[in-house]
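All values below were derived from every heavy atom in this structure, side-chain atoms included, with hydrogens, water molecules and symmetry-related copies excluded. Sequential numbering from 1 along the given sequence is applied to the chain's residues. Remember, it's a predicted structure, so these values are computed and weren't measured experimentally.
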Amino acid sequence: MTVEHSAVSPAQPLIPLHCLRHAEPGPPRLTALPNGTPAWLATRHADVRQVLTDPRLDRATLFAPDAPPTSTGPNLLDDPDGLLNIDGPEHQRLRRTVQRAFTPRAIARWRPWVESVVEELIDDLEAAGSPVDVVAGLTRSLPIAVISRLMGLDGLDLRRLGHWSDHAMSTSAYPAEQVRQAMREFHTFSEQLIADRRKNPGDDLVSSLLLAAAETEGVTEGQLTTLVCGLVVAGHETTMTSFGNALVQLLSEAPQAWARIAADPADATAASEQILRAVPLSDATALPGLLRRAVTDLEIGGVAIAAGSVVAADIRTANHDPEVYPAGGPLDHFAPLGTPSLTFGAGPHHCLGAWLARMELELGLHHLARRLPGLRLAGPLEEIPWREGLLTRSPASLLVAW
């Protein structure tokens with residue numbers, strides 16, 4: 001497969017995501033999306049939570065004939081058949097076909113196996129010797145191994161999967177027609193996978209999804225195809241991004257926290273929650289998946305929002321709202337998180353894979369710190385190459401030593 005463009009840019013060095021400055025939270029204000037469309041921006045924790053939970057704000061009408069454009073190019077989130085872009089009873093009907101696989105109880109059953117995968121990958125890192133790229137060896141490999149096992153994708157060409165995923169999450173990394181072609185290939189793969197599992201069902205997420213869909217009236221073939229694509233991408237993208245960025249933050253700023261994460265799994269859990277809150281997944285003020293449209297006149301944070309308006313939720317700023325979280329000073333990785341962060345969203349579209357991502361991150365951090373307590377960055381922060389032009393940003397590679 002020939003890849004004409006890369007999601008890695010060698011241009012102007014970028015600062016790590018944990019070093020980004022965030023805006024001061026305030027009342028909703030009128031701004032513009034990257035494509036120029038006007039939008040109301042919510043930044044306070046309470047306002048962002050309202051945007052994500054209020055039924056007077058929805059996703060589906062973003063794709064109505066009279067809706068203004070909201071994206072700069074095609075990507076996976078622009079599919080009207082996607083779970084993210086369906087609301088109300090239809091959304092709940094489709095979500096129910098898959099959500100049982102992602103409950104905390106269901107995810108807990110996977111913990112011993114995920115733990116064994118983490119240990120095997122760290123074995124390979126140690127065998128490769130210091131220094132080594134921890135992205136290729138762990139932060140990317142772990143979530144891909146987990147979602148591949150969960151969906152029964154063993155044997156899938158991982159380079160092919162990475163190609164589709166990067167194009168599905170593209171904002172500017174690839175030309176629009178190249179993205180469309182990759183998405184057509186991805187959908188064809190999904191259709192073929194669904195057809196195969198109908199003929200040869202197994203003990204995997206796709207088979208259980210099809211079984212549930214057959215018992216649920218109104219689920220279309222297009223929705224199933226898009227859902228499978230979304231699960232493949234979301235199943236590894238968030239974890240890969242948060243894990244890589246977590247290591248950059250911990251190894252550059254918090255050696256004491258690294259020692260505590262190694263010593264106590266509970267501290268690894270606490271640190272994971274704080275990192276997920278404090279270190280954003282992207283440079284973007286409001287990710288496309290966090291846009292909503294007002295279906296009626298309403299008020300947010302004392303500001304009148306007219307029906308038809310586009311509203312953007314800035315979770316990066318909301319996750320630092322001083323009315324909710326401690327302001328200033330270095331990150332306290334082990335402070336109890338009194339109010340849940342908004343990293344995984346809220347309301348009906350709360351991220352299905354949140355518990356899986358949490359488990360992978362905390363197990364990855366704990367066992368890596370336990371096995372390699374002297375782990376350190378093998379180069380300066382400004383030389384880290386980043387995956388750019390995508391909806392998320394994380395290290396493309398990260399050399400570490402011990």
Has T31 got a side-chain atom pairing as donor or acceptor with A39's backbone, closer than 3.5 angstrom?
no
Closer than 4.0 angstrom, basic N to acidic O: yes or no for D283 and R393?
yes
Is there a side-chain contact between T97 and L211, using heavy atoms and a 4.5 Å cut-off?
no
Is the terminal nitrogen or CZ of R149 (NZ for Lys, CZ for Arg) located under 6.0 angstrom from the six-membered ring centre of W113 and within 45° of that ring's axis?
yes
Quick one, R370 and E119 - any side-chain contact, counting heavy atoms below 4.5 Å?
yes
Suppose we screen for ring-ring contact (aromatic ring centres under 6.0 Å, His included). Which residues come up paired with H18, at least two apart in sequence or across chains?
none
Compare every heavy atom of D204 with every heavy atom of R197, then report the nearest pair and how far apart it is.
NH1-OD1, 2.9 Å
Under a 3.5 Å distance rule, please check whether T61 uses its side chain to pair with a backbone N or O of A64 as donor and acceptor.
no
Would a 4.5 Å heavy-atom cut-off, applied to side chains only, mark L83 and H349 as touching?
no
Donor-acceptor under 3.5 Å (S242 side chain, L276 main chain):
no
Taking the side chain as everything from C-beta on, heavy atoms only, tell me whether R160 gets closer than 4.5 Å to W164.
yes
Taking all atoms of both residues into account, what is the closest heavy-atom pair of F102 and G353, and its distance?
CD2-CA, 4.0 Å
If you measure from CG on L193 to CG on L153, what distance do you get to the nearest 0.5 Å?
6.0 Å
Consider only side-chain N and O atoms of T226 and D79, and report whether a donor and an acceptor are under 3.5 Å apart.
yes
Which heavy atom of E253 sits nearest a heavy atom of C19, and at what distance?
OE2-SG, 4.4 Å
Heavy-atom distance under 4.5 Å between the side chains of V295 and L57, does that happen here?
no
How close do D166 and R387 get, counting heavy atoms only, and between which atoms?
OD1-NH2, 2.9 Å
Decide, yes or no, whether a salt bridge links R56 with D54 under the criterion of side-chain N to carboxylate O below 4.0 Å.
yes
Residue pair P348 / H91: nearest heavy atoms and the distance that separates them:
O-CE1, 3.0 Å
May I ask you to decide whether D267 forms a salt bridge with R260, counting only side-chain N to carboxylate O separations under 4.0 Å?
yes
Heavy-atom distance under 4.5 Å between the side chains of M169 and E237, does that happen here?
yes
Just by modelled atom types, is the G202 backbone N or O under 3.5 Å from a matching donor or acceptor in the S207 side chain?
yes
For the pair S190 (side chain) and F186 (backbone), establish whether a donor and an acceptor sit closer than 3.5 Å, ignoring hydrogens and angles.
no
Of H320, H22, H45, the one forming a ring-ring contact (aromatic ring centres under 6.0 Å, His included) with Y325 is H45
Is Q92 close to P89 at the side-chain level, that is, under 4.5 Å between some pair of heavy atoms?
no
Write out all pairs satisfying side chain to side chain donor-acceptor pair (under 3.5 Å) with one or both partners inside residues 270-279, taking only residues at least two apart or from two chains.
E273-R358, Q274-R277
Show the nearest heavy-atom pair for residues L205 and A101, with the distance to one decimal.
CD1-CB, 3.5 Å
Please determine which of L41, V51, I300, V48 meets the side-chain contact (heavy atoms from CB on, under 4.5 Å) test together with P28.
I300
Please examine the side chains of L398 and L377, heavy atoms only from C-beta on, and report whether any two atoms are closer than 4.5 Å.
yes
